[in-house]
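Here the structure is laid out as structure tokens; the discussion comes afterwards.
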Amino acid sequence: MATANPFNSILTTLEKPGGGEFGKYYSLLALNDPRIDRLPYSVRILLESAIRNCDEFQVKSHDVEKIIDWENSSPKQVEIPFKPARVLLQDFTGVPAVVDLACMRDAMNKLGGDSNKINPLVPVDLVIDHSVQVDVARSENAVQANMELEFQRNKERFGFLKWGSNAFNNMLVVPPGSGIVHQVNLEYLGRVVFNTNGVLYPDSVVGTDSHTTMIDGLGVAGWGVGGIEAEAAMLGQPMSMVLPGVVGFKLLGKLRDGVTATDLVLTVTQMLRKHGVVGKFVEFYGEGMSELSLADRATIANMSPEYGATMGFFPVDHVTLQYLRLTGRSDETVSMIESYLRANKMFVDYSEPQVERVYSSYLELNLEGVEPCVSGPKRPHDRVPLKEMKVDWLACLNNKVGFKGFAVPKDSQNKVVDFTFHGTPAHLRHGDVVIAAITSCTNTSNPSVMLGAALVAKKACELGLQVKPWIKTSLAPGSGVVTKYLQRSGLQKYLNELGFHIVGYGCTTCIGNSGDIDEAVASAITENDIVAAAVLSGNRNFEGRVHPLTRANYLASPPLVVAYALAGTVDIDFDIEPIGIGKDGAKIFFKDIWPSSEEIANVVQSSVLPEMFKDTYNAITQGNPMWNNLSVPSGTLYAWDPVSTYIHEPPYFKDMSMSPPGSHGVRDAYCLLNFGDSITTDHISPAGSIHKDSSAARYLIERGVDRRDFNSYGSRRGNDEVMARGTFANIRLVNKFLNGEVGPKTIHIPSGEKLSVFDAAEKYKSEGHDMIILAGAEYGSGSSRDWAAKGPMLLGVKAVIAKSFERIHRSNLVGMGIIPLCFKPGEDADTLGLTGHERYTINLPSNVNEIRPGQDVTVVTDTGKTFVSTLRFDTEVELAYFNHGGILQYVIRNLINAKH
């Protein structure tokens, strides 16, 4: 059982500079251990958490010792518990989290427990930001029009979240129309240091979106976890994690004139992806740090998932403190933060001699070597220097279908498709841009690139350049602050002239909320098999994500998004080809519209002011009339509506008893799907629009939902019946069973029928068969999505056998009771001669105490082939979750047992 904290003896009073005290804190200095001085700053945050939460039950003294001895223990992949200071949600993941909490209350009630124990025990910040569809663009009224449509579609969901904010303690809900979750977190929610009941400690956060890492730029340790893990953290459970290695990334010099933070982050992403940082922290340091603004740091931290790291961490220094003051944090708060971090060895002062810290490995980048670039056409880490873009594009047209290829026959690469756009003659070619979006948390929090884009627009307008009217242009600021400084600078009008009107405040094109492309443009693309392009200032460009009709998707800085919109194509060499013809008939080149770094810095200096942040965030929780007029039920138990197609009670706790079901294997399972490498959570999880011919569409139509009211999968994450039908429904899914055919189908092995994945799974279940999935490397890469684990579980998948797993997705599979197995190095389904038509048996001991994390497991097939795989339950805690049938069941039983 829990005992008094053995480290209470190091509780130390923190004095205020002018007298009085801020509170008490657990002093790392008081441990008098020289190993602490050599620890990376990111590891010190893990150490402080372990010390403060040590109760010799959930967190033990030997866990503290493991962290102090990080230099020796991290290579051994040791397990440690971690309790984050808070949890961050957005609405797409927030709805299922609140659904699960509501369900857990019901289950607790039925099992005789106190349902009010199901309450967040740490602060939960929920920002509603993922519901904005770009239905209306290139219009002065786009914001209001899109928000009205947003509320029409999502009224039920929004009402449910509003109920949750009242029913659960310790939960802050930021209403829709306020901004993107990660920008709001950076500018407003991030505490940096907490002061709770007189005890000071570092802010740390886990979030149900993988880009939670953006807060690492502020010196707050944060990363993405599955919704399932986040719910456990909300309920006071320690997160079990492997003590990570830390890559030290040294920055030197400064960026050259005209090079943006986006160019830097795409370069860093490529370097780290090549180095290999999956499951590791990356910590940035070096003299180049002083040349990076906080917004630049946050841009780099944001893309941690794209380079594969758990975190891209920037320790707090003077630049951080300047940003806190800029964004309206009070002088007293900033003084407390600086005093605490200095006293507890967590502040970097580059004016003082630096103690040499130890890292697991090292990288170095001279910022002067960074050049303008984009990434694409299908993956964030496929960086293309801008000067090589035209050559690379032509190679992509020629290459066989793959991450860098479209296999367009040479005789049709230059074809021109004529069509009529609203009565005006128009034409399309391969590589023509049809979507240009300034969007995404990655860049909209960075004034230098946002104002840089506006300066490009100003120069272009003054020279007489225009954007073709059939290109869907949009601007989705991450918070109201962006609008304020664009207006103060006088530059918003130029963005408007080019069609980059503000469409809403939230996550848009980057997550597939692009809205429809004009029907004439869509027909020209589909009827002529045109490889159309999207250019966006986002962080994800996986195939099928941005829009079903844009096969080429490039990530670029906001200024480059404007430049490519003006050019109208990605098939251009900006060095030698003109972007367009000016009003005097002269050719206009890229260099004519590109602002200098000094021009941008001057506008940032004069336009971005602390009052803007204060005014924006003082009003943020007040909501808007549409939110405030939502009527919601009272009561702490939710009244489920059986006919709702948005909020549905899932079957996770059906027939649950107080006795754990125990360990189980898999017997004579059929392979539901047979995959190659790089199957992302976008392929697995329901995302984007609901296709008219899909299983989910059929379900909605049967319940009287008109096609125009389908909304997106993301908006229906609170309904398990829709989401199960949308699992593996991606139109770009490549399943080896289909012999090259692309789409959300599979083969039902016993009958040979080609069915939708959902229908095949239902058929297997009705026949009483277990199912498994075969996969290649990096299974589950991409955004953290709990439905990428919940969906397969509801389909009946019992195990996934892959070459490797993405970190968060593997843990989510475990949380839902699915067994993750890895082929041995050098082996996969192909080398083992597996076709997927076999039946698979995975024997595990019935007593979970006989299973060890990472042990070898033999898989037996009905054809006589057997092979040894690695069981990817990585910790003892994960084995406990498996024994209970999942993490939520584990939490409920523990809470009920705690009262006895």
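One is the number of the first residue; the rest follow in order along the sequence. Quantities reported herein were computed from a predicted structural model and do not represent experimental measurements.
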query = Thinking salt bridges, do R273 and D382 make one under a 4.0 Å N-O criterion?
reply = no
inquiry  = Hydrogens and angles aside, do D257 and S597 bring a side-chain donor and acceptor to less than 3.5 Å of each other?
reply    = yes
ask   = Does the side chain of Y713 reach to within under 4.5 Å of the side chain of S694, using non-hydrogen atoms?
value = yes
inquiry  = Looking only at side-chain N and O atoms, does N302 offer a donor or acceptor that is under 3.5 Å from a partner on H182?
reply    = no
task = Output the distance between atom CG (D432) and atom OG1 (T550), rounded to the nearest 0.5 Å.
result = 13.0 Å
query = Between F249 and Y307, does the ring centre distance come in under 6.0 Å?
reply = no
inquiry  = Checking N398 against K410: is there a side-chain donor and acceptor pair closer than 3.5 Å?
reply    = yes
query = Should we count NZ of K754 as having more than 12 external heavy atoms under 6.0 Å?
reply = no
query = Once you round to the nearest 0.5 Å, how far does NE2 of H547 lie from OG of S514?
reply = 6.0 Å
remark   = To the nearest 0.5 Å, atom CZ of R540 lies from atom CE of M303 at 8.0 Å
ask   = Run the side-chain contact (heavy atoms from CB on, under 4.5 Å) check on L495 and H501 step by step: do they pass?
value = CA-CA 7 Å; L495 287 165; H501 297 84; over 6 Å; no
message = Determine whether D263 and T260 satisfy the following criterion, side chain to side chain donor-acceptor pair (under 3.5 Å), listing intermediate values before the conclusion.
response = CA-CA 5 Å; D263 301 322; T260 68; 3.0 Å; yes
Within residues 462-476 or reaching into it, pairs that qualify as side chain to side chain donor-acceptor pair (under 3.5 Å) - sequence neighbours excluded = K458-E462
key: Heavy atoms from other residues, nucleotides or ligands near NZ of K387 exceed 12 (cutoff 6.0 Å)   = no
inquiry  = With a sphere of 6.0 Å drawn around NZ of K404, does it hold more than 12 non-hydrogen atoms of other residues, nucleotides or ligands?
reply    = yes
query = Between E778 and R379, is there a side-chain N and carboxylate O pair less than 4.0 Å apart?
reply = no
query = Are K736 and D830 close enough that some pair of their side-chain heavy atoms sits under 4.5 Å apart?
reply = yes
request  = Measure the shortest side-chain to side-chain distance between F421 and V521 over non-hydrogen atoms and say whether it is less than 4.5 angstrom.
outcome  = yes
message = Between D584 and L463, is there a side-chain heavy-atom distance shorter than 4.5 Å?
response = no
N553 vs R545 side-chain heavy atoms within contact, under 4.5 Å = no
ask   = Of all residues at least two apart in sequence or in a different chain, which pass the side chain to side chain donor-acceptor pair (under 3.5 Å) check with K587?
value = none
request  = Drop me the distance from L386's CG to F574's CZ, to the nearest 0.5 angstrom.
outcome  = 6.0 Å
